[in-house]
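Here is the structure we will look at.
From a predicted model like this one, the values you see are computed outputs, not experimental measurements.
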Amino acid sequence: MFRSIRNPVQQRFVRHASSITEELKNKMREKQAALAPRLAKLDKEHGGKELGANVSQALGGMRGICGLVYEPSLLDSQEGIRFRGLSIPECQQQLPKVANGTEPLPEAMLWLLLTGEVPTEAQTKALNEELQARYNAEAITTAQNTLKALPSGVHPMTQYGIGIMALQSQSQFAKAYAEGKANKTNFFDYAIEDTLDCIARTPTVAAMVYHNSTGKGVPTFAKPEASLDWTGNFTKQLGFDSLELAECLRLYLTIHVDHEGGNVSAHTTTLVGSALSDPYLSYAAGMCGLAGPLHGLANQEVLGFLLDMQKHLKAQGADMTNDEELKKAVIKYTWEEVLNKKRVVPGYGHAVLRKTDPRYTCQREFAARNFPQDPLFKLVDAVYSVMPGILTEHGKTKNPFPNVDAHSGVLLQHYGLTHQDYYTVLFGVSRQIGVLAGLCWDRLLKRPIERPKSITSEALLKQFNC
């Protein structure tokens, strides 16, 4: 089942035989062949021009500094995220879906981010079959035994990161590099192989983490079912037979894939990958960033905030079924229990966006179509109707609109995924599609190791005589 690729320079490179993988690589090489000379011309003619950075940006987390080229997605402060030029509504419309489904398939998004092209139904089906074929019992067993050895009470994101590192034992690049078989002519090939292997196997590891975190221990799973898509198999491994949850997760796993290259998880993956670390090591590093309270953990903080508000309003006798009374109660609670006590409203505001996050909007639309009378959804909707005005009046935020975290927990709660500590793992399963696509392009374009210049506070003060 294995063969060498045709290029004589790469005869010792061994990979999983697959026509769809070859098609994927060839499409990316075609794009690279057209892009590389344009980038070379850009560098030659405009390489000395500055993209801009100031003292405040250096002191403030490099906010707004454009110092990184990243291919899969671009974030606009007004339009929101675009995946290879496509907005979320355009992706929902154009990307292939399951039969009678309404939401895009994440494996179709993977093809889009890697190639810049919307895949056909046939290409999406072949890519899903390829991911299923990359199930590896030895790799999964290694991760399973590693998770079993952990003490009880380890956070799900810690377990997931450790599970990814266990899968790294099967990295094709790491093995080839150790044997002296990897070189600049085949770095890209190994990156694609490891990326597809990782995306094929991590959902099983994530499902193990879910069962282990909910007190059921680390289970043994059968191979993925050929009749199911990537998300369908993952949903089943989580222990759910709900078609509605599977469709909800297709949406969730599609919209969380990427948010351009400057966020913590994407930039960390890129940074570590620039050291020629393999995709597993790079992705695991990115997940350590995603686990931070200011990044991926925000979604569960929002849910906790909403549940606390719901409990408080009920205790105060608010009519949760009356829309107008509910809005008044939310306004009162926000001022008296949150803002006047110097607390922040989680799920509102964004480092880049200056409008409602399109990822919030598509989740709101999904909930409105599928469970409009859900009590928690009605509360979230009431919050959405009044919170921008409250925060604008408060005057402490540049963006008073909701981000993706303001809604995602509500969808998961409705379908029975109630273990809040696990939500960031779901985020992570999705995020690999974007960050590893970016890493593959870094290998294809032979980008160098990152090494920005830093400065000490003392040197900065001296420079400006402060």
Side-chain angles (χ1 to χ4, degrees), residues 15-16 18 20-21 24-25 27-28 31-32 68-73 81 83-84 105-116 119 127-128 130-131 134 136 139 160-161 163-168 170-174 186-206 230-231 234 253-290 296 425-447 450:
R15 68 168 185 83
H16 185 283
S18 164
I20 194 65
T21 304
L24 186 64
K25 289 180 181 179
K27 282 187 174 293
M28 293 179 70
K31 299 283 185 180
Q32 184 270 344
L68 181 67
V69 180
Y70 182 81
E71 306 301 338
S73 64
I81 192 66
F83 303 115
R84 290 293 191 165
L105 289 163
E107 51 267 52
M109 178 63 81
L110 173 61
W111 184 281
L112 172 66
L113 297 186
L114 284 170
T115 69
L127 182 55
N128 178 51
E130 172 66 10
L131 293 174
R134 287 173 179 265
N136 182 287
Y160 185 54
I164 298 167
M165 294 295 283
L167 293 178
Q168 192 271 345
Q170 297 293 320
S171 168
Q172 296 189 47
F173 172 79
N186 57 32
F187 285 168
F188 164 66
D189 295 279
Y190 282 117
I192 284 287
E193 297 299 327
D194 274 352
T195 288
L196 294 179
D197 284 346
C198 183
I199 292 173
R201 298 164 190 171
T202 46
T204 299
V205 173
W230 189 70
T231 308
F234 180 41
L253 296 174
T254 296
I255 65 174
H256 283 82
V257 292
D258 213 33
H259 218 226
E260 78 171 23
N263 65 77
V264 170
S265 55
H267 187 209
T268 302
T269 303
T270 301
L271 172 63
V272 174
S274 78
L276 209 57
S277 300
D278 65 61
Y280 295 95
L281 296 175
S282 304
Y283 171 48
M287 291 302 94
C288 290
L290 189 70
V425 176
L426 291 175
F427 194 159
V429 171
S430 172
R431 183 49 58 97
Q432 67 183 316
I433 291 174
V435 299
L436 293 183
L439 183 60
C440 288
W441 269 97
D442 288 345
R443 292 289 185 269
L444 185 56
L445 292 168
K446 297 180 173 60
R447 286 184 172 138
E450 281 193 37

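When all heavy atoms are compared, the tightest approach of Leu436 to Cys198 is CD1-SG, 4.1 Å. Considering every non-hydrogen atom in both Val435 and Ser265, the closest pair reads CG1-O, 4.2 Å. Taking both residues in full, the closest heavy atoms of Val425 and Ala206 are given as CG1-CB, 3.9 Å, listed atom of the first, atom of the second, then distance. Pairing each heavy atom of Leu114 with each of Cys440, the nearest pair is CD2-CB, 4.1 Å. The two atoms that bring Ala284 and Gly161 nearest to each other are CB-O, 4.3 Å, heavy atoms only. Of all heavy-atom pairs spanning Ser430 and Thr254, the tightest one is OG-N, 4.4 Å.
For Ser73, the side-chain contact (heavy atoms from CB on, under 4.5 Å) partners are Tyr70, Ile81, Phe83, Asp258, Glu260, not counting sequence neighbours. Among residues two or more places apart in sequence or in another chain, the side chain to side chain donor-acceptor pair (under 3.5 Å) test is passed with Thr204 by Gln237. Asn136 meets the side chain to side chain donor-acceptor pair (under 3.5 Å) test with no other residue; sequence neighbours excluded. Checked against ring pair (Phe, Tyr, Trp, His ring centres under 6.0 Å), Phe173 has the following partners two or more places apart in sequence or in another chain: Tyr177, Phe187. Partners of His256 under the ring pair (Phe, Tyr, Trp, His ring centres under 6.0 Å) rule, at least two apart in sequence or in another chain, are Tyr252, Phe427. Applying the salt bridge (Lys or Arg N to Asp or Glu O under 4.0 Å) criterion to Asp442, with sequence neighbours excluded, gives Arg447.
In this structure, the side chains of Leu276 and Arg443 come closer than 4.5 Å at one or more pairs of heavy atoms. The side-chain heavy atoms of Phe234 and Leu426, taken from C-beta on, include a pair separated by under 4.5 Å. Using a 4.5 Å cut-off on side-chain heavy atoms (C-beta onward), Val205 and Leu167 make contact. In this structure, Leu127 and Pro119 have side chains that are not in contact, with every pair of non-hydrogen atoms separated by 4.5 Å or more.
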* Asked: Between Glu71 and Leu113, does a side-chain contact (heavy atoms from CB on, under 4.5 Å) hold up when you go through it step by step?
  -> CA-CA 8 Å; Glu71 306 301 338; Leu113 297 186; over 6 Å; no
* **Residue pair Thr195, Leu439: steps toward the side-chain contact (heavy atoms from CB on, under 4.5 Å) verdict** => CA-CA 9 Å; Thr195 288; Leu439 183 60; 5.5 Å; no
* Derivation and outcome, side-chain contact (heavy atoms from CB on, under 4.5 Å), residues Thr21 and Leu196 -> CA-CA 9 Å; Thr21 304; Leu196 294 179; 3.9 Å; yes
* Asked: How far apart are the C-alpha atoms of Arg431 and Asn263, what are their side-chain angles, what is the distance that settles it, and do they pass the side-chain hydrogen bond (donor to acceptor under 3.5 Å, both in side chains) test?
  -> CA-CA 11 Å; Arg431 183 49 58 97; Asn263 65 77; 3.1 Å; yes
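Remark: the backbone N or O of Gly273 is not paired with any side-chain donor or acceptor of Ser277 at under 3.5 angstrom. Proximity of a side-chain donor or acceptor of Thr268 to a complementary backbone N or O of Gly286 within less than 3.5 Å is not detected. Here the side chain of Arg201 pairs a donor or acceptor atom with the backbone of Arg134 at under 3.5 angstrom. Put simply, the side chain of Asp278 never gets that close to the backbone of Ala174: no donor and acceptor are under 3.5 Å apart. At distances below 3.5 Å, at least one donor-acceptor pair connects side-chain atoms of Ser274 with backbone N or O atoms of Leu271. With hydrogens and angles disregarded, a donor-acceptor distance shorter than 3.5 Å links the side chain of Trp230 to the backbone of Ile199. Remark: the backbone N or O of Tyr283 is not paired with any side-chain donor or acceptor of Thr269 at under 3.5 angstrom.
A salt bridge links Glu193 with Lys25: at least one charged nitrogen is closer than 4.0 Å to a carboxylate oxygen.
The CZ atom of Phe188 lies 4.0 Å from the CE atom of Met28; values are rounded to the nearest 0.5 Å. To the nearest 0.5 angstrom, Asp194 atom CG is 5.0 Å from Tyr280 atom OH. We find the CD-CG distance between Glu107 and Asn128 to be 4.5 Å, quoted to the nearest 0.5 Å. Atom CD of Gln172 sits about 10.5 Å away from atom CG of Asp189, to the nearest 0.5 Å. For the atom pair CD of Gln432 and OG1 of Thr202, the computed distance is 3.5 Å after rounding to the nearest 0.5 Å.
Counting only N and O atoms by type, the side chains of Gln170 and Asp197 include no donor and acceptor under 3.5 Å apart. Under the 3.5 Å distance criterion, with hydrogens and angles disregarded, no donor-acceptor pair is assigned to the side chains of Thr270 and Glu450.
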